[in-house]
Amino acid sequence: MPRSSRRRRHPCSPAVRPLGDDDLLREILLRLPPQPSSLPRASAVCRRWRLLLSDPGFSRRFRIHHRRDPPLLGFFVRNEDLPFLPALDAPDRVSPGRFSLQRGDGDGDRFMSLGCRHGLVLVFNKPKNQILVWDPVIGDQHRLDVPPGVAIHAEKTPINGAVLRAAGDDAQHFQVALTVADNDDKQHRRALACVYSSEAGAWGELVSTQLPSRVPMSNVGTFVSTYKPAVLIGDSLYWRLAGNFTGILEFDLEKQSLAVIRLPVHILEDGHCLFSIMRAEGGGLGLLLQTDRSIQLWKRKTDCDGVASWGLGRTIELDKLLSLNSEENDIIIQGPMGENNVVFVWTHHILFTVHLESLQFNKLPGAYPLFHYHPFESVYAAGI
C-alpha cells in the first residue's frame, strides 16, 4: 500500500466526512466531558466544529445534558463580597474574576449568600429585603422582593432559603424556597415557608407548622440556622433548627407542607453541635455527626407501623483515611455539600473532598483559610 494512502486524515477533511450530518456530530460533541477545557479544545479542531460549538443553542443543550453531573468549579466565600475561589488546576481552572458579582448601583446593599445549587447562587440582600438569584456562568440576575409574610419576621430572626432548577429538561426556570421562624407568640411558635416559581412569576401561598419549645415561654426563640445551607433529598428541602429547639425542618415541595423532625436523643444529651443533614446511603434522610477525628453516618428509618427512628450506620476515621499528621489536630467538616454526598474536610488551610459512599478523596489545589464556603458546581466552557 502506498505510504500516502496510509496517512491519517484530518477529522474535518472533505475526503473523510463520516460525520457529514451535523445533527449526528452535535450528538457526539454533546457527550464530551463537562470540564471547562473540553469545548475550547474541541473547537480548535476545525472551523466546522468551532461553528457548531459556539452556537448558543448547543451551549444550552450541553449544560442541560450535564446538569446532573457538573464539575466542582470552586467555592464562593460566604462574606459580603462573595469572592470566588477556583478548585481546579489548569487548563480547567476558572479565573476568580470571571465569577464576580455585578452589583449594579449597590447603594445600601448588604449581601449574604444562602447557598448554591444547579449552577445558581442564592443571595439575601437584607437592607432591601430582596432575594438575588444569580447564574455566574451566563451572568443572569433575578431580583425578587421577599414576600411580606416572610419579610416581617426576617427583620427579627434569620431568614434562610434554597434555589433549584425546575424539574425536567427546561433549565431556564427555577424555584426559590424561603423559610423563617415566627416567635411573636411564645406559646405558638411557628416555622413559615413559601416558594417562588420563575415560570409563574409569583410567590406561592405561605405555609406553616408548629415549632416545639424546649423551654416554654422562653425569651430565646427558635430560628432556622444559616450556619448550614439547605439539603435537597428527593422532593424535600431540609434545614437545621437552632435556639430554643434543636432539630430539623422539612419542607416537602411536592405537598407544599412543613414538618419538624427530632434528632437522636443522644445528640442533644451529649451536647453535640457538629452535625450536618445529608442524604443517607440508599436514599432518605441522614445525619453526619463529627466526633473528634471521625464521622458517624446516621439514617432515619420508618418501620411497618409508620414509626420513625434513627440508626447508626458507618463510622469513618478521617485521620486514617486522609493520612493526616498527628500535629494536624483541627479537622472541620464543611458539608455534605452538593447532591453527590461529598463532604469537604478542612484542616490547616488544606481542603479535601471525601465521597462518603466510595470513600474516594481528593486534595484540592491551593490554600483555603477557615471560612464558610459554598461549593459551586456548574458546566462552564471557557473561551467559546
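Under a 3.5 Å cut-off, the side chain of Thr226 and the backbone N or O of Asn160 do not form any donor-acceptor pair. Looking at Arg314, its side chain does come within 3.5 Å of a backbone N or O of Leu356 through a donor-acceptor pair. At least one donor-acceptor pair under 3.5 Å links the side chain of Thr179 to the backbone N or O of Leu192.
With respect to the salt-bridge test (charged N to carboxylate O, under 4.0 angstrom), the residues Arg61 and Asp55 do not qualify. A salt bridge is defined here as a Lys NZ or Arg NE, NH1 or NH2 lying under 4.0 Å from an Asp or Glu carboxylate O, and Arg279 with Glu357 meets this definition.
Legend: residues meeting side chain to side chain donor-acceptor pair (under 3.5 Å) with Lys156, ordered by chain and number and at least two apart, are Asp184. Remark: Phe376 engages Phe76, Phe99 in a ring pair (Phe, Tyr, Trp, His ring centres under 6.0 Å) (not counting sequence neighbours). Here Phe223 pairs with nothing under the ring pair (Phe, Tyr, Trp, His ring centres under 6.0 Å) rule; sequence neighbours left out.
Exactly one residue among Trp346, Tyr373, Phe84 makes a ring-ring contact (aromatic ring centres under 6.0 Å, His included) with Phe75. That residue is Tyr373.
Residue-environment remark: CD (Gln360) stays at or below the threshold of 12 foreign heavy atoms within 6.0 Å.
No donor-acceptor contact under 3.5 angstrom links the side chains of His65 and Arg60, judged on distance only.
Between Leu178 and Phe124 the shortest side-chain heavy-atom distance does not fall below 4.5 Å.
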